[in-house]
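Contents: one structure, followed by commentary.
Predicted model only: the values in this text are computed from it and were never measured. In what follows, chains are A, B, ... by sequence order, proteins preceding strands, each numbered from 1.
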Protein chains: 2
Amino acid sequence: MPQIIIADDHPMVRGALTLAVEAAFDQPEILECAHLGAVMQLLESIGAADLLLLDLRMPGVDGFEGLVRVRSQFPATPVVVISALEDPRLVREALALGAMGFIPKSTPRAEIVAALSLVAGGGTYRPDDLVMAAPPPDPKGQATDDDFLQRVLTLTPQQRRVLQLLGTGKLNKEIAYDLDIAETTVKAHVSSILHKLRVYSRTQAVVMAGRLHLDSFADVAEG
Amino acid sequence: MPQIIIADDHPMVRGALTLAVEAAFDQPEILECAHLGAVMQLLESIGAADLLLLDLRMPGVDGFEGLVRVRSQFPATPVVVISALEDPRLVREALALGAMGFIPKSTPRAEIVAALSLVAGGGTYRPDDLVMAAPPPDPKGQATDDDFLQRVLTLTPQQRRVLQLLGTGKLNKEIAYDLDIAETTVKAHVSSILHKLRVYSRTQAVVMAGRLHLDSFADVAEG
DNA sequence: GTGCCAATTGTACTTTGGTACAAGGGTGGT
DNA sequence: ACCACCCTTGTACCAAAGTACAATTGGCAC
């Protein structure tokens with residue numbers, strides 16, 4: 001019996017998502033949360049869920065903070081981001097941060113069901129038209145951030161987990177413990193990450209990655 | 001003849017500040033900038049200014065980004081932050097980031113003049129009533145950020161410069177070069193910083209410091 | 001002056017971080 | 001079967017980071 005967490009502060013949205021989940025899964029146990037604290041508490045008590053549907057904007061956190069926290073604390077739980085916004089940058093960034101899918105609230109229920117099934121099978125989902133759209137060519141220095149994001153997207157799933165833990169300031173040893181792998185392996189991942197991101201120290205990687213989250217979200221929140 | 005840069009996107013504000021600067025300094029050379037790019041360009045050409053009056057919200061940057069950039073690129077130039085907002089947290093944070101003063105736009109001109117003289121003499125200025133006000137006791141996890149900010153405030157000026165450069169992902173060697181000191185000294189500073197901030201790696205320090213800027217500014221921007 | 005503190009630098013040492021190279025196991029596609 | 005890719009691990013080595021201790025300089029306050 002798969003455990004599915006639905007986290008959204010709006011009851012109506014939770015209701016709609018519940019329907020989709022029931023259609024996509026076989027006898028799911030659905031757990032609802034109205035704010036991030038409840039999600040974290042719930043995950044702590046049950047260890048890991050089979051799927052987490054997470055709204056971007058909830059009491060307690062705006063933007064990707066929630067996603068980042070959940071992913072770093074409970075990397076085993078796949079997360080699908082639910083959002084009222086549909087900016088392609090948000091989609092790319094959510095996926096870059098380890099989300100297994102991005103579902104705009106305007107998505108038809110049939111497609112939501114398909115998306116959830118896809119993710120449950122280990123795939124990742126994102127709305128086609130959004131991803132295909134070319135990244136908006138910002139004339140200013142914003143371009144560098146976008147370049148960097150593109151590079152983040154070339155990271156493998158495990159490498160993203162490492163990057164996320166890197167972003168909390170953890171040592172290689174701690175990351176190894178968290179992911180239950182050898183420190184050697186962590187080093188290998190870090191090395192690969194640094195190359196892909198074209199930086200020469202973990203701190204730089206963290207700084208660059210840190211710029212992504214809040215900055216690009218702030219852009220959207222303002223506009 | 002002291003070189004003073006006034007950076008604000010609003011001509012009227014620049015005019016008012018010009019008057020104050022002319023009253024506080026002896027035959028100042030006043031350079032006006034309407035956006036951050038101009039400030040950086042100007043500083044590059046003249047190396048360092050005797051004072052920079054910097055508005056928080058300008059085209060090109062919101063929040064402390066501008067302050068951080070200027071401070072890290074041109075640590076020799078004292079910066080006084082000009083802001084329409086007066087949140088005590090902003091004041092403390094601006095000072096934590098290396099500003100030599102914080103002047104709300106509502107400040108009477110006489111006091112602005114006094115403030116500029118104070119800073120020119122090597123002091124730091126902040127509005128009395130604001131700093132004395134106790135930090136708002138946030139009931140939630142926000143408290144940790146505030147604790148951290150308090151610790152940042154215990155850093156010496158040079159240590160703050162090091163922290164800022166740390167925040168750009170630079171190596172000790174690079175920081176040493178930028179500040180024109182020995183790498184040994186940088187290590188000594190970093191060591192001291194880590195102790196004061198109660199973290200055990202530069203990356204953690206960077207992560208924690210990174211949380212301050214945008215987060216607490218976002219809070220204010222929303223309210 | 002004396003004392004305190006920031007800042008500087010040095011030596012010497014330990015711990016992390018990061019690279020290079022090699023290699024085995026697993027998955028998925030052709 | 002073969003290839004490509006991811007994940008894993010190991011060894012070995014080098015660079016960077018961090019600690020500990022000691023010392024000098026200069027400013028500022030009492």
Worksheet item: Does Asn172(B) make a side-chain N or O approach to OP1 or OP2 of dA16(D) shorter than 4.0 Å?
Response: no

Worksheet item: Counting side-chain heavy atoms from C-beta on, which of dA7(C), dT9(D), dA20(C) comes nearest to Thr185(A)?
Response: dT9(D)

Item to complete: Output the single nucleotide from dA16(D), dG18(D), dA7(C) whose closest atom is nearest the side chain of Leu194(B).
Response: dG18(D)

Discussion item. Measuring from the side chain of Ala182(B) (C-beta onward, heavy atoms only), which nucleotide among dG18(C), dG10(C), dT8(D) has the closest atom?
Written reply: dG10(C)

Fill in: First of Asp180(B) and Glu183(A) reached from the 5' end of DNA chain C, by closest nucleotide
Asp180(B)

Worksheet item: Should we count CD of Glu183(B) as having more than 12 external heavy atoms under 6.0 Å?
Response: yes

Worksheet entry | Salt-bridge criterion met for Asp8(B) and Lys105(B) (N-O under 4.0 Å) | yes

Worksheet item: To the side chain of Val190(A), which of dG18(D), dT9(C), dG18(C) is closest?
Response: dG18(C)

Worksheet item: If you check every side-chain atom of Lys187(B), which of dT9(C), dA17(D), dT19(C) has the closest atom?
Response: dA17(D)

Response to the item:
Looking only at dC6(D), dG18(D), dT9(C), the nucleotide nearest the Ala188(B) side chain is dT9(C)

Worksheet item: Atom CG of Leu179(A) to atom P of dT8(D): distance rounded to whole Å?
Response: 8 Å

Practice prompt. Please test Lys170(B) against Gln204(A) for side chain to side chain donor-acceptor pair (under 3.5 Å), starting from the C-alpha separation and ending with a verdict.
Written response: CA-CA 7 Å; Lys170(B) 283 189 156 84; Gln204(A) 281 206 337; over 6 Å; no

Worksheet item: Within the structure, does a side-chain N or O atom of Ser191(B) lie under 4.0 Å from either OP1 or OP2 of dG18(D)?
Response: no

Worksheet item: In whole angstroms, how far is the P atom of dT8(D) from the CD1 atom of Ile193(A)?
Response: 12 Å

Discussion item. At less than 4.0 Å, is any side-chain N or O atom of His189(B) found next to OP1 or OP2 of dT8(C)? Yes or no.
Written reply: yes

Practice prompt. For the side chain of Gln158(A), starting at C-beta, report the closest nucleotide among dG18(D), dT8(D), dG17(C).
Written response: dT8(D)

Worksheet item: Step by step, would you call Gln164(B) with Arg161(B) a side chain to side chain donor-acceptor pair (under 3.5 Å)?
Response: CA-CA 5 Å; Gln164(B) 284 156 11; Arg161(B) 281 179 218 119; over 6 Å; no

Fill in: Exam field: side chain Glu44(B) to backbone Gln41(B), donor-acceptor pair closer than 3.5 Å
no

Worksheet item: dT8(D) phosphate, OP1 or OP2: any side-chain N/O from Thr184(A) under 4.0 angstrom?
Response: no

